[in-house]
Amino acid sequence: MKDAPKNPFQSEDVLYPVSKESVLLRFHMEMWRKGDLEETKPAPKNGPSDNEGIKKSGCKTDDAENGKRRDLVVVSMKKTSIAVVRGRGCTSEGCSVNEVVLVAQSSKVTLVSRGSESFKQEKSSNVMIQHVASHYYLSLVSEKIISASPNPERITIYSYKTNEVEQGQYRGMPVVLNFTDSDCFLRCCQEDQRVFLQAEGCDKRRLRQISKSDESALSFVFYMKADLSKQRTFESALHPGWFIRVEESDQVGMAHLEREEEEYSFLFVIQK
């Protein structure tokens, strides 16, 4: 009679899953030592109050002195599975969890700023924006009128950082375009069904922080996106799909970029 094959998991130093269950996990983001856990008093049956949970986790409430609140990071996951690996012979009582593994099909991380700003000004650069096809530069003719001119004109590009990071198509870096040494900025506007570009004066302090809910300020924001050849496009943040375009060599406006359209009208290069 042949001996039965030996079970490879019978070794004492091998861990393997013994069950699967769906549970709701509640845990703190702060690590604890074993001694600290033993000294912690058990929570009442009805569970700790919100304030007690905040104190035990080490998080502070609103700063009473300056009124500031901490930002929150929200992680949303789609089609998520959770696997809990326990030691061999583990029972429901007194069992320590060895490892928790979360796997999601997709995820979205959002930084929720307590100040509600969606864009914060980060840095600026003084450049010239040249149209690829005509080799003309974006130029300010007069208040509200922009054209493409052979004479270079300095434009200050203010770059912004956003508090929202999400998966999907990358639209570009949020920027605001200012004609250097002036209070005139490029702005994408709409009247009825017409979307157009104009220059408009604005207090620079107003644009240091821009909320996505403020459509008036958001109209100054463009998503600047570059390809490997360093040619750039500028898409309106307020009107998705509408890009800055040069027509007939000197006419500058907004146009909806379709795949079958000639793209050279939408391409620009940055010269320092």
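- Counting only distance, with no hydrogens or angles, the side chain of Thr180 and the backbone of Thr156 share a donor-acceptor pair below 3.5 Å.
- Between Val103 and Thr80 the shortest side-chain heavy-atom distance does not fall below 4.5 Å.
- For the pair Leu177 and Ile157, the minimum side-chain heavy-atom distance is below 4.5 Å.
- Remark: side-chain polar atoms of Gln190 are not paired, donor with acceptor, to backbone N or O of Val195 under 3.5 angstrom.
- When side chains are defined from C-beta on, Ser147 counts as touching Val141, because their heavy atoms get closer than 4.5 Å.
- Between the CD1 atom of Ile210 and the NZ atom of Lys212 there is a distance of 11.5 Å, given to the nearest 0.5 Å.
- Applying the salt bridge (Lys or Arg N to Asp or Glu O under 4.0 Å) criterion to Arg171, with sequence neighbours excluded, gives Glu235.
- With a 4.5 Å cut-off on side-chain heavy atoms, Val175 and Arg232 do not count as touching.
- Of the inter-residue distances, the one linking Ile270 atom CD1 with Ile155 atom CD1 reads 8.0 Å to the nearest 0.5 angstrom.
- Heavy-atom neighbours of Lys204 NZ from other residues, nucleotides or ligands within 6.0 Å: above the threshold of 12.
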Trace of the side-chain contact (heavy atoms from CB on, under 4.5 Å) decision for Leu197 with Phe222: CA-CA 11 Å; Leu197 185 72; Phe222 297 86; 3.7 Å; yes
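- Looking only at side-chain heavy atoms (C-beta outward), Pro174 and Tyr223 come within less than 4.5 Å of each other.
- For the atom pair CD1 (Ile145) and OG (Ser139), the distance works out to 11.5 Å, reported to the nearest 0.5 Å.
- Few gaps surround CG on Asp203; more than 12 heavy atoms of other groups in view lie less than 6.0 Å from it.
- The backbone N or O of Phe179 lies less than 3.5 Å from no partner atom in the side chain of Glu153, so there is not a single donor-acceptor pair.
- We find the CZ-CD distance between Phe266 and Gln231 to be 14.0 Å, quoted to the nearest 0.5 Å.
- Cluster membership for Phe196 and Ile146, using ILVMFWY side-chain heavy atoms within less than 4.5 angstrom, is not shared.
- Summarising the geometry of Val176 relative to Phe220, their closest heavy-atom pair is CG2-O, 3.6 Å, with the distance given to 0.1 Å.
- Here the side chains of Ile129 and Ile244 are not in contact, with every heavy-atom distance at 4.5 Å or above.
- If you chain together ILVMFWY residues whose side-chain heavy atoms come under 4.5 Å of each other, Tyr137 ends up grouped with Met128.
- Partners of Arg194 under the side chain to side chain donor-acceptor pair (under 3.5 Å) rule, at least two apart in sequence or in another chain, do not exist in this structure.
- Cluster annotation: Val132 and Tyr136 are assigned to distinct hydrophobic clusters (Ile/Leu/Val/Met/Phe/Trp/Tyr, side-chain heavy-atom contacts under 4.5 Å, transitive).
- Pairs passing the salt bridge (Lys or Arg N to Asp or Glu O under 4.0 Å) check and including a residue from residues 182-192, sequence neighbours excluded, read Arg187-Glu200.
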Verdict with supporting geometry, Asp214 and Arg206, side-chain contact (heavy atoms from CB on, under 4.5 Å): CA-CA 11 Å; Asp214 184 356; Arg206 179 193 173 197; 4.2 Å; yes
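- Residues His239 and Cys189 come closest through the heavy atom pair NE2-C, 4.2 Å.
- Shown here are the side chain to side chain donor-acceptor pair (under 3.5 Å) partners of Arg208, two or more places apart in sequence or in another chain: there are none.
- In this view, Ser229 and Asp227 satisfy the side chain to side chain donor-acceptor pair (under 3.5 Å) rule, not counting sequence neighbours.
- In terms of heavy-atom proximity, Arg154 sits nearest to Gln271 at NH1-O, 4.4 Å.
- The side-chain heavy atoms of Met254 and Ser236, taken from C-beta on, include a pair separated by under 4.5 Å.
- Of the possible polar contacts, one joining the Ser149 side chain to the Asn151 backbone as a donor-acceptor pair under 3.5 Å is found.
- Ring planes of Phe268 and His131: tilted class, angle from 30 to 60°.
- Looking only at side-chain heavy atoms (C-beta outward), Gln121 and Tyr160 come within less than 4.5 Å of each other.
- Here CG of Leu257 is found 10.0 Å from OG of Ser265. Values are rounded to the nearest 0.5 Å.
- The environment of CD in Glu215 is sparse: at most 12 heavy-atom neighbours from other residues, nucleotides or ligands sit within 6.0 Å.
- Contact between Arg245 and Ala255 at its shortest, heavy atoms only, is CD-CB, 3.5 Å.
- Contact between Ala148 and Val246 at its shortest, heavy atoms only, is CB-CG1, 4.1 Å.
- The nearest pair of heavy atoms linking Ser159 to Met173 is OG-SD, 3.5 Å.
- Ring pair Phe185/Tyr158 is tilted by interplanar angle, where 30° to 60° counts as tilted.
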